[in-house]
Amino acid sequence: MRDAILVPATSIALAIIVTALVIMAIGESPLQATQVMVRGAVGSGYGWGYTLFYATNFIFTGLAVAVAFHAKMFNIGGEGQAAIGGLGVAIVCLSVPWPHWSLALLAATLGAAAFGAAWAAIPAYLQAKRGSHIVITTIMFNFIASALLVYLLVNVFRVPGSMAPETARFAEPTHLPSAYDIAPWLGFRRSTPLNVSFLVAIAACVGVWLLIWKSRLGYEIRAFGHSQTGAVYAGIHPVRIIMLAMLISGGLSGMMALNAVMGEAERLVLDPVQGAGFVGIAVALMGRSHPVGVFLAALLFGMLYQGGAELEFEMPAISREMLLVIQALVILFTGALDNMVREPIERLFLRLRKGA
C-alpha cells in the first residue's frame, strides 16, 4: 500500500509544488489557476464529459503499456498501434451495413484489437527471435504507422471529390450513444464526446486484472518479467510470452480507436491518437501497472487535459506550452524521479520499524 498509494501521492504533491512555483514565476496566482483547472475539469457535466473522454483514451493505452511492463518490456509503440487500430475500426464500420450500434461496437472492438495486435506482432517477433530492442522497434513503427495512415487516407479511403484526407462518415447505425443520449440529466451537453466506449475501457480494466492476477498466462507473464532465467527453468517459453504479452498490449492500444474514431469523429482522420499513446506510458508508471492505478492515473491526466484547456481560455498568460510544462512535471516526478521519492520513504519506514 505504501508503494501503491504513498509514493505516487508524494510524487504528485511535489509536482504540484513545483508547478505552483512555475506559475508564480510568470506572475499568476497558483491558487486561482488550481481553482480554474478543477472547475473546468470536474465542476460541471460539460467538464466531466471531456475529462472522462480523455481518460478513456488513456485507460486503453495505459493498460497496454502496463501489460508489457509486467513482462519487463517497454512498449513505446502505443501511438502507432492505436492508429492502426483506427484503421481496423474504419474498415469494419464501412464494410458492413450494421443494423445496430451494439453489433458494430462488438465487431469494431475485435477489428481494433486485431489490427493493433498485428502491428505489435512484428516488433514482438523481432524481440523474441532476433533480439532487437523493443523500444527501438516500437518507436520506429510509430512513424511507419503514421506514414501508412497518410498514404491510405489520401490514396485509398479518401472520399471521391473531397480534398480532406479522411474516410467517409460512418453510417448512422454505427454511431455510439453519447453521454448526452444516456444521461442528459447529469448536465452532459449534446456536443460532449464521452460515449459508451468508456464502459468498454472499464471492462478492459477488469479483463486485465483477471488476466494478470487470476490466470495461468498472467502468472507466466509476471514470472517472466521478474526473472527470465527463472521462468525458463520453470518451463515457461520466452518467445511465447513475449509474443502473447505484446499481442495483448497492441490489442489494448488498438482499442483506443473505439473512443477516438468510432465514438468521437465517427470517421477515420489523420492523427486520431493525438499523443495518447505516449501519455499511456506515464499513466502506467503512475498506476504501478495495476488496472485500478491505471484507471485513477488516466482520470488524473484527463483532468489535466480538460482543466488545462479551461485554464488556457480563462488565464491567457498561461499558454499551451505552459500546460505542457505542467503535464511534464507530473510525468517527471511520477516516472523519471520515482526513486528519488521512493528511497527516502523506504528508509523512513525502515527506521520506524527498527524503532518499534
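To the nearest 0.5 Å, atoms OG (S44) and CZ (R39) are separated by 9.5 Å. Here the OG1-CD distance, from T192 to E264, works out to 11.5 Å after rounding to the nearest 0.5 Å. L149 CG to D271 CG: the interatomic distance, rounded to the nearest 0.5 Å, is 9.0 Å. To the nearest 0.5 Å, the span separating CD1 on I122 from CD1 on I144 amounts to 8.0 Å. Considering CZ of F333 and CD1 of I17, their distance stands at 8.5 Å, rounded to 0.5 Å. Note that CD1 of I202 and OG of S197 are 10.5 Å apart. Values are rounded to the nearest 0.5 Å.
Not one N or O on the side chain of E266 forms a donor-acceptor pair closer than 3.5 Å with the backbone of F170. Judged by distance alone, with hydrogens and angles left aside, the side-chain atoms of S289 form no donor-acceptor pair with the main-chain N or O of H70 at under 3.5 Å. W48 places no side-chain N or O within donor-acceptor distance of the main-chain N or O of G187, the cut-off being under 3.5 Å. Proximity of a side-chain donor or acceptor of Q306 to a complementary backbone N or O of Y50 within less than 3.5 Å is not detected. Using a distance-only test at 3.5 Å, with no hydrogens or angles considered, a donor-acceptor pair links the side chain of R158 to the main chain of V154. In this structure a side-chain-to-backbone donor-acceptor pair under 3.5 Å is present from T34 to P30. Here the side chain of T167 pairs a donor or acceptor atom with the backbone of L268 at under 3.5 angstrom.
A side-chain contact (heavy atoms from CB on, under 4.5 Å) with I16 is found for exactly one of T19, I12, L14, namely I12.
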Step by step, work out the side chain to side chain contact (heavy atoms under 4.5 Å, CB included) result for R222 and I212. CA-CA 7 Å; R222 288 185 289 122; I212 298 298; 3.5 Å; yes
Would you check, one step at a time, whether the test side chain to side chain contact (heavy atoms under 4.5 Å, CB included) holds for F278 with I76? CA-CA 7 Å; F278 296 116; I76 204 170; 4.3 Å; yes
Audit row: V159, R169, side chain to side chain contact (heavy atoms under 4.5 Å, CB included) steps and yes/no: CA-CA 9 Å; V159 179; R169 195 174 184 86; over 6 Å; no
Could you check Y305 against F58 for ring pair (Phe, Tyr, Trp, His ring centres under 6.0 Å), going step by step and ending with a plain yes or no? CA-CA 11 Å; Y305 266 63; F58 303 149; 5.1 Å; yes
With side chain to side chain contact (heavy atoms under 4.5 Å, CB included) as the criterion, how do Y125 and V239 come out once you've worked through the C-alpha distance, each side chain's angles and the decisive distance to 0.1 Å? CA-CA 8 Å; Y125 177 83; V239 174; over 6 Å; no
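Closest approach of P165 to L270, counting heavy atoms only: CG-CD1, 3.5 Å. Taking all atoms of both residues into account, the shortest heavy-atom contact from A120 to G250 is CB-CA, 3.8 Å. Annotation for S249 and A64: closest pair OG-O, 2.6 Å, computed over non-hydrogen atoms. Across every non-hydrogen atom of M256 and A276, the tightest pair is SD-CB, 3.6 Å. Between A297 and V283, the closest heavy-atom pair is CB-O, 3.6 Å. Of all the heavy atoms in A245 and A71, the pair that sits closest is CB-CB, 4.0 Å.
A continuous path of hydrophobic side-chain contacts links I242 to L217 [ILVMFWY only; heavy atoms under 4.5 Å]. Following chains of ILVMFWY side-chain contacts shorter than 4.5 Å, one cannot reach L324 starting from M286, and the two form parts of different hydrophobic clusters. A continuous path of Ile, Leu, Val, Met, Phe, Trp and Tyr side chains, each step under 4.5 Å between heavy atoms, connects L87 with V150, placing both in one hydrophobic cluster. Residues F295 and V292 are members of one and the same hydrophobic cluster, defined by side-chain heavy-atom contacts under 4.5 angstrom among Ile, Leu, Val, Met, Phe, Trp and Tyr. By the criterion of side-chain heavy atoms lying less than 4.5 angstrom apart, applied directly or through intervening Ile, Leu, Val, Met, Phe, Trp or Tyr residues, V232 is not grouped with I241; the two fall into different hydrophobic clusters.
The shortest distance between side-chain heavy atoms of L148 and I84 falls below 4.5 Å. Contact of the Q32 side chain with the M315 side chain is registered, since non-hydrogen atoms from C-beta on lie closer than 4.5 Å. Using a 4.5 Å cut-off on side-chain heavy atoms (C-beta onward), L194 and S178 make no contact. V92 is listed as a side-chain neighbour of W98, based on a closest heavy-atom distance under 4.5 Å. Residues V42 and M303 are in side-chain contact: their nearest non-hydrogen atoms beyond the backbone lie under 4.5 Å apart. Side-chain contact between K214 and W209 is present, with heavy atoms from C-beta onward closer than 4.5 Å. Taking the side chain as every heavy atom from C-beta outward, F198 and N259 never approach each other to under 4.5 Å. For the pair V279 and T61, the minimum side-chain heavy-atom distance is 4.5 Å or more.
At a cut-off of 3.5 Å, with distance as the only test, no side-chain donor of Y46 or R189 sits close to an acceptor on the other residue. Side-chain contact check for Q81 and N75: at least one donor-acceptor pair (N or O, by modelled atom type) lies under 3.5 Å.
R351 and E346 are not joined by a salt bridge, as no carboxylate oxygen comes within less than 4.0 angstrom of a charged side-chain nitrogen.
Applying the salt bridge (charged side-chain N to carboxylate O under 4.0 Å, His left out) rule to R216 yields the partners E220; only residues at least two apart in sequence or on another chain are considered.
You'll find the ring centres of Y54 and F301 outside the 6.0 Å limit.
The aromatic rings of H290 and W213 lie tilted to each other, with the angle between the two planes from 30° to 60°.
At most 12 heavy atoms of other shown residues, nucleotides or ligands fall within 6.0 angstrom of atom CE in M140.
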